[in-house]
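Okay, structure first, notes after.
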Amino acid sequence: MNRPSEKEKSNKIREAISAIESGKRIIPMSKHFASDQEDLGIKDSKNLWELLLVFLREIEDLEPRRCYVGGRPPKKSYELEVAGKELWAYSWQSISMNKKMYIKFCLVGGYYFYVGCHKDNLKGATR
């Protein structure tokens, strides 16, 4: 089976939105968030979740299958906090940020684990 399927890519975006909306959200790797803050234009995590919802909805509107840039099958995280969990990565032209953006996350037990979100600096490269 060639994972992830088109349906699975869409489902992960919907699950991510649902997790964030229900308060099931964690920033396990603060080092990634600290480096992403400038690209996101935020000072702390208070504004992060609202912004991520905007981004995830943009991806949903653009069709997740077209925005997915993760592995086939999804790569496993090596970060201690989410070791062995599948990484979901998407890249899209963000209307709200007016630039190409990149987001990566894990979903574990209904929780959204922030892995990263920043300007997409890769031009046509594979991840």
Side-chain angles (χ1 to χ4, degrees):
M1 180 173 155
N2 189 15
R3 285 195 60 231
S5 68
E6 305 299 314
K7 184 177 180 180
E8 191 174 14
K9 293 172 197 172
S10 293
N11 285 345
K12 292 302 173 185
I13 293 296
R14 282 193 294 277
E15 289 171 27
I17 290 170
S18 178
I20 292 172
E21 286 178 335
S22 29
K24 295 179 175 181
R25 51 202 188 205
I26 298 171
I27 304 174
M29 296 156 282
S30 59
K31 68 179 180 180
H32 293 290
F33 175 66
S35 64
D36 292 346
Q37 283 178 294
E38 187 174 334
D39 270 354
L40 297 175
I42 57 177
K43 302 259 187 248
D44 57 43
S45 63
K46 293 176 188 173
N47 302 325
L48 174 67
W49 304 113
E50 196 171 302
L51 191 56
L52 290 181
L53 283 173
V54 169
F55 293 162
L56 292 166
R57 288 185 178 117
E58 286 181 347
I59 294 168
E60 192 172 45
D61 290 344
L62 291 169
E63 298 181 34
R65 66 181 175 82
R66 295 174 51 211
C67 301
Y68 181 77
V69 294
R72 292 186 161 277
K75 294 180 182 179
K76 305 277 182 163
S77 175
Y78 58 84
E79 300 283 352
L80 182 61
E81 299 86 349
V82 287
K85 304 303 180 197
E86 291 185 331
L87 295 167
W88 294 90
Y90 298 80
S91 177
W92 76 105
Q93 184 62 39
S94 173
I95 294 166
S96 61
M97 297 293 279
N98 197 30
K99 58 185 165 184
K100 190 150 182 140
M101 296 294 292
Y102 176 80
I103 190 170
K104 187 172 8 177
F105 59 89
C106 293
L107 291 166
V108 182
Y111 279 81
Y112 179 100
F113 284 79
Y114 177 90
V115 176
C117 185
H118 50 78
K119 179 180 175 187
D120 190 344
N121 297 315
L122 294 180
K123 303 233 188 288
T126 56
R127 290 173 165 67

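All residue numbers refer to positions in the sequence shown, counting from 1. Just so you know, these numbers come straight off a predicted model, no measurement behind them.
Linking Ile, Leu, Val, Met, Phe, Trp and Tyr residues whenever their side-chain heavy atoms come within less than 4.5 Å leaves I17 and Y102 in two separate clusters. Cluster membership for L48 and W92, using ILVMFWY side-chain heavy atoms within less than 4.5 angstrom, is shared. Residue F113 is not grouped with residue F55 when hydrophobic side chains (ILVMFWY) are merged at heavy-atom distances under 4.5 angstrom, including chains of intermediate members. Linking Ile, Leu, Val, Met, Phe, Trp and Tyr residues whenever their side-chain heavy atoms come within less than 4.5 Å leaves L51 and V115 in two separate clusters. At a threshold of 4.5 Å between side-chain heavy atoms, the hydrophobic network of Ile, Leu, Val, Met, Phe, Trp and Tyr places I26 and W88 in two separate groups.
Between R25 and Y111 the shortest heavy-atom distance is N-CD2, 3.8 Å. The minimum heavy-atom distance linking P74 with P4 is given by the pair CD-CD, 4.0 Å. Minimum heavy-atom separation, G84 to K76: O-CD, 3.1 Å. Looking at every heavy atom in both residues, E79 comes nearest to H32 through OE2-NE2, 3.1 Å. Among all heavy-atom pairs drawn from S94 and E58, the shortest one is OG-OE1, 2.8 Å. Among all heavy-atom pairs drawn from D44 and K46, the shortest one is OD1-N, 2.9 Å.
Atom CG of N98 sits in a sparse spot, with 12 or fewer heavy atoms from other residues, nucleotides or ligands closer than 6.0 Å. The number of heavy atoms from other shown groups lying within 6.0 Å of NZ (K99) is above 12. Within a 6.0 Å radius of CD1 in I95, no more than 12 heavy atoms belonging to other residues, nucleotides or ligands are found.
With respect to the salt-bridge test (charged N to carboxylate O, under 4.0 angstrom), the residues R57 and E21 qualify.
Taking the salt bridge (Lys or Arg N to Asp or Glu O under 4.0 Å) definition, one finds that E86 meets it with R3, sequence neighbours left out.
Side chain of D36 to main chain of C117: a donor-acceptor pair is present (N/O by atom type, distance under 3.5 Å, no hydrogens or angles).
In this structure, K12 NZ and L87 CG are separated by 11.5 Å, a value rounded to the nearest 0.5 Å. Rounding to the nearest 0.5 Å gives a distance of 11.0 Å between SG of C67 and CD1 of I103. Going from atom NZ of K119 over to atom OG of S91 covers 11.5 Å, rounded to the nearest 0.5 Å. From M97, atom CE reaches atom CG of L40 across 5.5 Å, with rounding to the nearest 0.5 Å. For the atom pair S22 OG and Y112 OH, the distance stands at 13.5 Å (nearest 0.5 Å). We find the CD1-OH distance between I13 and Y90 to be 4.0 Å, quoted to the nearest 0.5 Å.
In this structure, the side chains of F105 and L52 stay at 4.5 Å or more apart for every pair of heavy atoms.
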